[in-house]
Amino acid sequence: MLWSRLFIPTLRENPAEAEVISHQMLLRAGYIRALGAGIYNYLPLAQRSLNKIQAIIREEMDAIGGQEFYLPALNPAEVWQESGRWDVMGDNMFRLKDRYGRALCLGMTHEEVMTFIARGEVRSYKQLPQIWYQIQTKFRDEPRPKSGLLRVRQFIMKDSYSFDLAPEGLDVAYEKHRVAYCRIFDRCGLEYVTVEAHSGAMGGSQSQEFMVKTTAGEDYVVISKDTGYAANLEKATSRPVPPAEPDPDADLAPEEVHTPNQKTIDEVAAFLKIAPTSLMKSVVVVTEDERPFLCLLRGDHQLSETKFQTAAHCGEFRPAHPEEIRTWFGADPGSLGPVGITALPILIDEALRGRKNMVTGANKDDYHLRNVTLGEDFQATFHDLRQVAEGDTDIDTGGPLEIAKTVEIGHIFKLGYKYSHSMGLNVLNHDGVETPVIMGSYGIGVERVLCAAVELYSDANGISMPVTIAPFEVVITPVKISDPVVREAADKIYADFKSRGIDVLFDDRDMSPGVKFKDADLIGIPYRVTLGKKLGEGIVEVVERRGNVKHEVPVAEAVAWVADRVAAAKSK
RNA sequence: CGGGGCGUGGCUCAGCCUGGUUAGAGCGCCUGGUUCGGGACCAGGAGGUCGGUGGUUCAAAUCCACUCGCCCCGACCA
């Protein structure tokens, strides 16, 4: 392609609206333009990259026996009502009505439609297993679109679904996807971690997320470099930092202390001149079915929402209202504790196992209790409730843990029978008995792969795309194209690249070299062939974008030099 | 939905507080010429209902009200 004919509107300065790196870079490099909040136009460079990502996805999905479908983005309400998600999705789903007033929505994912197809046509175990996938535009009415292409309202997703007769079959399909995803992301040139994910309160069994570390991400992941342990923060476990001070080692009885206006952990700790780790924090929450719980945590620890949900077997929950707390505890938040509380279940975090003589609220305003010990002064059941915190160590080895911000690029999930049951997807088994089909669901955010690559591989000069997903593999940059000798040499190299099937961009613009170098660096083409001063000696310069490594190569060898490296990168 | 910020040529921004001729700058764009290894130079030129509506005023980019849009923080995120 000739640069002069391509639409590549690069920007010299960062648009004011862009905050995260990938957003800034994709705008500046002329890949994307915003149409509205969370709605983007993909210009030719982005489209070329996205096409390459999708081609890799197709190859790997086909390799595990996946069959490509194309389902409608526009869905009638009925299928979603059947699965129950018409209500569950709430405001996150775009909904509309047709001219006759019939309810429709724009699909956020396609479990329902796939299940709809399967239940009409798949009748026998002999037709299983199946892996069905599509690459489709999805819609989500995000409360807050942000971070460029990272959180948007319309995006492309590869979603696949597996159908099996038995759990062992699902295990196979799940493992096939795990391996395929690794190959896909490896081929896209990404560095990523796979983490055990929380599978939701809905009871799905196993689930893993594919995450790329970036400060632009919103998901926190706990990683142990030594052991390879990696888990979503929602689910991660760790060894807490030991208490800052030892507990009083004596058989002591609770003792009231006056703590006027000392409400927060830090205030009470400072007032009593003890470490926050010597305090027991009381958190009162109420589940959506109106069951109240008292959760006890070490003063410096946070309650993990998902762990509480697991412990309490509940979905959504909320902090208790002050009036409720007053009714149950006889005191305001800030002076709450477990002693004397029997009206609601008490859950205590594992980190408090073995502790004694701690300080906690007295259930009397402006008073706390010293010397409170589980088993002696109150009863509670142990659960893992605390969220992993900075400074914690590996639960097995005690080695260092890192809490990293990441973006989720893929997710594999054992669905189980959720949709088979709600929508009636059954087949006859060997014995002629109607049996529900067990399903898996597997997604990849296509734009997020592009964003992750940009987040991972850009520098002050712009993007440095992996060869496999770069919009072009090589760019030819004649320093002075108005010189007929240079032009002729460049034309020849261009033709040679094309004949070898290399994606080549020819910067035929009659501009000063600085502009062309800057633009080439900005848009992230992995290799650049520069025809400059030494062309007279039969030498061109080949520059690797990543690391800005320069090589002087004889003109006659330049095309092969690049082509070999491109081929090597693609065959990895 | 709560909190904060912004809206002035294609981009980045100044001007607004303290109202007063033809609304500015840099970059980009067009024409001609000179340049040609890291966002060149000279000369000439085009381009703006100051987000919108209403109000105050002799007079509004500037003050007031409403409204729309965008960004950030939070809530939210199968």
Side-chain angles (χ1 to χ4, degrees), chain A residues 9-20 23-24 27-28 30 33-40 80 83-93 105 107-112 138-148 150-153 155 157 159 197-204 207 209 216-220 232 234 305-306 315-316 318-319 407-408 411 413 415 418-419 422 441-443 445 460-462 477-483 486-487 507 509-523 528-535 539-541 543 548 550 552:
Chain A
T10 57
L11 263 22
R12 184 183 290 229
E13 291 169 281
N14 267 328
E17 74 212 43
E19 188 90 353
V20 305
H23 191 197
Q24 294 177 348
L27 283 171
R28 274 192 61 199
R33 286 293 184 265
L35 181 61
I39 311 175
Y40 285 88
W80 290 79
S83 72
R85 289 163 101 199
W86 180 260
D87 296 321
V88 172
M89 290 306 190
D91 289 336
N92 288 321
M93 190 153 70
C105 66
M108 309 171 70
T109 162
H110 282 76
E111 278 84 359
E112 281 81 358
K138 310 283 185 187
F139 298 86
R140 287 178 78 137
D141 192 355
E142 283 289 341
R144 185 151 92 83
K146 57 186 274 199
S147 308
L150 247 20
R151 179 177 285 286
V152 290
R153 296 193 287 177
F155 56 97
M157 188 175 185
D159 49 321
H198 179 74
S199 0
M202 307 300 286
S207 165
E209 292 166 334
E218 298 189 284
D219 289 318
Y220 288 89
N232 195 302
E234 291 179 343
E305 282 186 32
T306 46
E316 295 302 302
R318 60 171 171 86
V407 62
E408 178 186 348
H411 193 170
F413 189 72
L415 274 178
K418 179 167 159 40
Y419 296 91
S422 61
S441 146
Y442 318 87
N461 291 323
T477 309
V479 168
K480 187 177 180 180
I481 194 154
S482 52
D483 179 340
V486 174
R487 175 84 208 203
D507 195 346
R509 297 174 299 170
D510 187 12
M511 300 237 244
S512 70
V515 172
K516 294 196 277 194
F517 292 147
K518 290 285 185 193
D519 270 347
D521 286 350
L522 180 58
I523 70 173
R528 184 180 86 215
V529 177
T530 305
L531 288 72
K533 309 188 266 248
K534 294 201 173 170
L535 185 63
I539 301 286
V540 295
E541 184 183 71
V543 185
N548 197 31
K550 298 180 177 167
E552 292 196 340

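Every chain is numbered from 1, with letters handed out A, B, ... down the list of sequences.
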Note to self: If the condition is ring-ring contact (aromatic ring centres under 6.0 Å, His included), which residues does A:Tyr442 pass it with, not counting sequence neighbours?
What the structure shows: A:His177
Checklist line | B:A25: pairing nucleotide in any strand, Watson-Crick or G-U under 3.5 angstrom | finding: B:U12
Notebook entry, point to check: When you look at A:Lys534 and A:Glu541, which way does the side-chain contact (heavy atoms from CB on, under 4.5 Å) test go after all the steps?
Noted result: CA-CA 8 Å; A:Lys534 294 201 173 170; A:Glu541 184 183 71; over 6 Å; no
Item checked: Opposite nucleotide pairing with B:C6, Watson-Crick or G-U, both atom distances under 3.5 Å -> B:G69
Item checked: Results of side chain to side chain donor-acceptor pair (under 3.5 Å) for A:Lys480 - residues two or more places apart only -> none
Item checked: A:Asn232 side chain reached by A:Glu209 side chain, heavy atoms, under 4.5 Å -> yes
Notebook entry, point to check: Can you tell me how far P in B:C66 sits from the matching atom in B:G47, rounded to whole Å?
Noted result: 37 Å
Notebook entry, point to check: Given that both distances must come in under 3.5 Å, which nucleotide forms a Watson-Crick or G-U wobble pair with B:A78?
Noted result: none
Check: Expressed in whole Å, how much space separates the C1' atoms belonging to B:C17 and B:G28?
Finding: 32 Å
Next item on the list: For A:Asp159 and B:A78, give me the distance from atom CG to atom C1', rounded to whole Å.
Entry: 13 Å
Next item on the list: Write down the distance between OH (A:Tyr419) and P (B:A78), rounded to a whole number of angstrom.
Entry: 12 Å
Item checked: Distance, rounded to the nearest Å, where A:Asn92 contributes CG and B:C76 contributes P -> 12 Å
Checklist line | Pairwise C1' distance, B:C63 and B:G9 [rounded to whole Å] | finding: 26 Å
Checklist line | Euclidean distance for P, B:G44 against B:C27 (whole angstrom) | finding: 15 Å
Notebook entry, point to check: What's the CG-P distance between A:Asp141 and B:C1, to the nearest Å?
Noted result: 11 Å
Next item on the list: Quick one: look up who B:C41 pairs with, Watson-Crick or G-U, both distances under 3.5 Å, and put none if it's unpaired.
Entry: B:G33
Next item on the list: Using the C1' atom on both, measure B:G48 against B:U22 and round to a whole Å.
Entry: 13 Å
Check: When the nearest nucleotide of RNA chain B is assigned to A:Pro143 and to A:Val20 on a heavy-atom basis, which residue is associated with the more 5' position?
Finding: A:Val20
Checklist line | Heavy-atom protein contacts under 4.0 Å, nucleotides 27-41 of chain B, coded B base, S sugar-phosphate only, - none | finding: SS-------BBBBS-
Notebook entry, point to check: Atom CD of A:Glu209 and atom P of B:C77: how far apart are they, to the nearest Å?
Noted result: 14 Å
Check: What interatomic distance, in whole Å, is found between C1' of B:C71 and the corresponding atom of B:A65?
Finding: 24 Å
Check: Taking only side-chain nitrogens and oxygens of A:Lys418, does any of them come within less than 4.0 Å of OP1 or OP2 of B:A78?
Finding: no
Next item on the list: Select base, sugar-phosphate, or nothing to describe what A:Pro15 touches, counting heavy atoms under 4.0 Å on all strands.
Entry: sugar-phosphate
Notebook entry, point to check: From B:C70, B:C11, B:A78, pick the nucleotide closest to the side chain of A:Glu17?
Noted result: B:C70
Next item on the list: Answer whether the closest heavy-atom distance between the side chains of A:Asn92 and A:Asp141 falls below 4.5 Å.
Entry: no
Next item on the list: Could you state the atom-to-atom distance from CG of A:Leu35 to C1' of B:G69 in whole Å?
Entry: 12 Å
Margin query: Would A:Thr530 and A:Phe517 count as a side-chain contact (heavy atoms from CB on, under 4.5 Å) here? Give the steps.
Written below: CA-CA 9 Å; A:Thr530 305; A:Phe517 292 147; 3.8 Å; yes
Next item on the list: Specify the separation, in whole Å, of atom CZ of A:Arg144 and atom P of B:G2.
Entry: 14 Å
Margin query: Suppose you measure atom P in B:A61 against the same atom in B:A23; what distance do you get, rounded to whole Å?
Written below: 9 Å
Next item on the list: Could you please spell out the steps behind the side-chain contact (heavy atoms from CB on, under 4.5 Å) verdict for A:His23 and A:Tyr40?
Entry: CA-CA 11 Å; A:His23 191 197; A:Tyr40 285 88; 3.1 Å; yes
Margin query: Looking only at side-chain N and O atoms, does A:Thr10 offer a donor or acceptor that is under 3.5 Å from a partner on A:Asp519?
Written below: yes
Next item on the list: Could you measure between the two P atoms, the one in B:A60 and the one in B:C50, and give it in whole Å?
Entry: 11 Å
Note to self: Could you tell me if the side chain of A:Ser83 sits less than 4.5 Å from the side chain of A:Glu111, heavy atoms only?
What the structure shows: no
Check: Taking a pair as Watson-Crick or G-U wobble with both distances under 3.5 Å, which nucleotide is matched to B:U57?
Finding: none
Margin query: So for A:Arg151 and B:C77, does any side-chain atom that can act as donor or acceptor lie under 3.5 Å from a complementary atom in the base?
Written below: yes
Checklist line | G-U wobble or Watson-Crick pairing nucleotide for B:U49 (cut-off 3.5 Å, both distances) | finding: none
